[in-house]
Number of protein chains: 2
Amino acid sequence: MASTNSTGGSAEIPLILAAIELFGRDGYAAVSTRTLCEQAGTNISSIKYHFGGKEELYRAAIFYVVNQLRPRIEVVASAFEQGREMVGTNPVMQAKLIKQLVKNLLHFFLGSKDIPYFMPFVMRELLVPGKYFSDLYEGIPRHLHELITRIVAMVQDVDAEDETSIIRAHSLLGQIMIFHIARPFLFKRLDWQEFTPARIELITQETQLLVLRALQLEDTDD
Amino acid sequence: MASTNSTGGSAEIPLILAAIELFGRDGYAAVSTRTLCEQAGTNISSIKYHFGGKEELYRAAIFYVVNQLRPRIEVVASAFEQGREMVGTNPVMQAKLIKQLVKNLLHFFLGSKDIPYFMPFVMRELLVPGKYFSDLYEGIPRHLHELITRIVAMVQDVDAEDETSIIRAHSLLGQIMIFHIARPFLFKRLDWQEFTPARIELITQETQLLVLRALQLEDTDD
DNA sequence: TTATATATATCAAACAAATGATTTATGGAA
DNA sequence: TTCCATAAATCATTTGTTTGATATATATAA
C-alpha cells in the first residue's frame, strides 16, 4: 500500500514529479494541465482536487524540491563545516577541503542521476525569478552561497559580511556552476552530447586548479 | 520618416523590439500575439502580414539581436586581438590586456542601458535552447568563447584546441558571466535592487583580481 | 459480522476564456 | 488602377477550470 503520509492521495506525488520535469524543461506557461496529468497518469481534475489549480501545483513542486534537496546539500555543508574546524589556518589543509567541496558540488550538479529533473526546475526559478523565488532561495542556495562566502573569508582572512567577500564568493561559485547553467553552451563548444564520468573528472580537476589559484592556495596534488 | 531598409513596413521593428522584451522576460509560450501587438502598437494581423506567424517573429528577433550585437562584441574582440600582438609574452602587458577585457565585458553585460532587453532574450535562448539556439550561438557567443580560449592558451602556453583550454575558458567566463546570469540571486544576497556604476566597478575590480590569479598573472595595480 | 454513513479519490464531459491564425474590407501612396 | 500596409471581425483550437456522477476506503453502529 502507499505510505500514509500527510499528502494524502496517490496522484499527488506523480503530479508533482511531472510538474518538476515539465515545468523545469519547458517553463510554466508552456506546459498545459492536460499534459501534466497525462505525464502523471491522472485525470484532468486531479490538479484541482489535490492542489486547487495549476499555480498551486507549481508551488507544491517548489516546496517538494526544497524538502528533497535540503538534506543533500546539508550533507555537503556539514562535511565542510566539520572539516573547517580541524583545518584551521593551515593552507595545505584548506586547499584539500576546498578541493573536496568543488568536487562534491560538480559531481552533484553534473552527475546526479537519481534526481535528473530537479536542477533545471530549480535553476529556472532562480535565474528567471517567479512568484516563489524567495521560497526557493531561502530553501537551499542561500546556505550554499553563505558557505562559499565563509570559505573565501576564512582563506583571505577578511570579514564574511563584507560585500567584497560575497562578490568573490559569487564569482567563484560562477566558476563552478557555469558548467551546469551553461551546459548546452559547453556541449556545443566541445561537441559533447552528455557528461561522462571522465568528463566530469576533467572538469573537476581544472576547476579545482583555477579555484585554488584564485584563492592563492597551493595545489597539493593528492 | 522611417528608414527605407529591406524590412519594409514600419511595424516590423516595433514588433521585433516587443518580441525581444517580452519573450526575453516571460518566455515564448507565455506571451500572446495580442500582447505583442499591443506593446508594439500594431494590429493583430501585422504579425501574420510581416512575419507569417508567432514563431517567425521569434526567429526574426533572434537574427535582429545577432545583427545588432555582433558589431559591439567585435569591437571588444578586435581591440583584444590588436592588443594581443603588441603584448606578446610579456606577463605585465598580458595582465593589463585581460583586465581591460574583463572590464569591457562586465560593463557591457551589467551596464548596457541602450539595449536593456537584449540580454535576457539572448540568455534565455542560450541557457534553455530552442529551435534557434545554433543561430544565436554561432552569431555571437561562439566568438567570445573562442576569444577567451585563446587568452587562456596564450597565457598558459598550451594549445587552444585542447579540451583543457576550453574548459578553463568556460570556467573563467563563468566567473564573469555569473554576475549577469544570476543577477536576481546576487541582488537578493546583497540586498541590492539595481546595478550602480560604483557596484559595477567593485565587481569589476574583484573579478579582475580573481581572473588574474587564476591565470597566474601579477596584478599591476594601474 | 453486517449495514450504514462519511470522507477520500477518480472519472468523463463540458464550460468560458484565451490563443494563433485567417479572412475580408479599408486607407494611402506611387 | 495597382501595390503596400493596416484595421476589424471571425475561425477553429487550446487553455485552465468546473461540474456532477461514481468508485474506493474508512469509520461507526446495530
Side-chain angles (χ1 to χ4, degrees), chain A residues 1-62 64 121 124-125 128 130-132, chain B residues 1-64 121 124-125 130-132:
Chain A
M1 69 180 73
S3 62
T4 54
N5 54 20
S6 61
T7 50
S10 63
E12 287 193 10
I13 301 299
L15 275 171
I16 286 175
L17 293 179
I20 292 169
E21 178 179 345
L22 298 181
F23 286 152
R25 196 187 64 194
D26 302 330
Y28 179 81
V31 183
S32 72
T33 53
R34 283 170 179 80
T35 306
L36 284 165
C37 291
E38 189 180 354
Q39 168 96 5
T42 65
N43 188 266
I44 315 175
S45 59
S46 56
I47 291 178
K48 156 85 173 177
Y49 178 79
H50 288 287
F51 302 96
K54 187 185 181 184
E55 189 180 316
E56 290 90 339
L57 170 57
Y58 184 83
R59 184 185 135 87
I62 290 281
Y64 183 83
F121 179 76
R124 187 181 281 274
E125 180 68 31
V128 189
K131 207 169 175 177
Y132 304 104
Chain B
M1 70 181 70
S3 62
T4 53
N5 54 21
S6 62
T7 51
S10 64
E12 288 192 8
I13 301 299
L15 275 172
I16 287 176
L17 293 178
I20 292 169
E21 177 178 344
L22 298 181
F23 286 150
R25 194 186 65 195
D26 302 331
Y28 180 80
V31 183
S32 72
T33 53
R34 281 171 179 79
T35 307
L36 284 165
C37 291
E38 189 180 355
Q39 168 95 5
T42 66
N43 188 266
I44 315 176
S45 59
S46 56
I47 290 179
K48 157 86 174 173
Y49 179 79
H50 288 286
F51 302 97
K54 187 185 182 185
E55 189 181 313
E56 290 90 340
L57 170 58
Y58 184 82
R59 184 186 137 86
I62 290 282
F63 284 97
Y64 183 84
F121 179 76
R124 185 180 282 273
E125 180 68 29
K131 207 170 176 179
Y132 303 104

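Note that these values count all heavy atoms, side chains included, but never hydrogens, waters or copies made by symmetry. Numbers restart at 1 for each chain; the letters A, B, ... are given by sequence-line order, proteins then strands. Keep in mind the model is a prediction, meaning the values are calculated, not measured.
Listed candidates were D/dT10, D/dG16, C/dA9. Nearest to the side chain of B/R34 is D/dT10. Side-chain atoms of B/N43 lie closest to D/dT6 of the nucleotides C/dT8, C/dA21, D/dT6. Among C/dT19, D/dA7, D/dT6, the nucleotide with an atom closest to any side-chain atom of B/H50 is D/dT6. Checking C/dT22, C/dA12, D/dG16 against the side-chain heavy atoms of A/S45 singles out C/dA12 as nearest.
The nearest whole Å value for the distance from the NZ atom in B/K54 to the C1' atom in C/dT19 is 8 Å. Rounding to whole angstrom units, CD of residue B/E38 and P of D/dT6 are separated by 17 Å. We find that CG of A/L36 is positioned 11 Å from P of D/dT17, with the value rounded to whole Å. Summarising the geometry, the separation between OH on A/Y49 and C1' on C/dA7 is reported as 8 Å, rounded to the nearest angstrom. In this structure, B/F51 atom CZ and C/dA21 atom C1' are separated by 16 Å, rounded to whole Å. Between A/L57 atom CG and D/dT17 atom P there is a gap of 10 Å when expressed in whole angstrom units.
A/I47 comes within 4.0 angstrom of no nucleic acid atom, judged by non-hydrogen atoms across all strands. At a threshold of 4.0 angstrom between heavy atoms, the contacts of A/T33 include nucleobase atoms, whether or not backbone atoms are also involved.
Phosphate contact (OP1/OP2 of C/dC11, side-chain N/O of A/T42, threshold under 4.0 Å): absent. The phosphate of C/dT22 has OP1 or OP2 within less than 4.0 Å of a side-chain N or O from B/K48.
Here the side chain of B/K131 pairs no donor or acceptor atom with the backbone of B/R59 at under 3.5 angstrom.
In this structure, B/E38 places its CD atom where only 12 or fewer heavy-atom neighbours from other residues, nucleotides or ligands lie under 6.0 Å away.
Along DNA chain D, the nucleotide nearest A/I44 and the nucleotide nearest B/G41 are compared for position; the residue whose nucleotide lies closer to the 5' end is B/G41.
Ring geometry for A/Y58 against A/Y132 counts as tilted: the plane angle lies between 30° and 60°, on a 0 to 90° scale.
Residues A/K54 and A/Y28 meet the side-chain proximity criterion, which asks for heavy atoms closer than 4.5 Å. Under the 4.5 Å side-chain criterion, counting only non-hydrogen atoms from C-beta, B/C37 is not in contact with B/N43.
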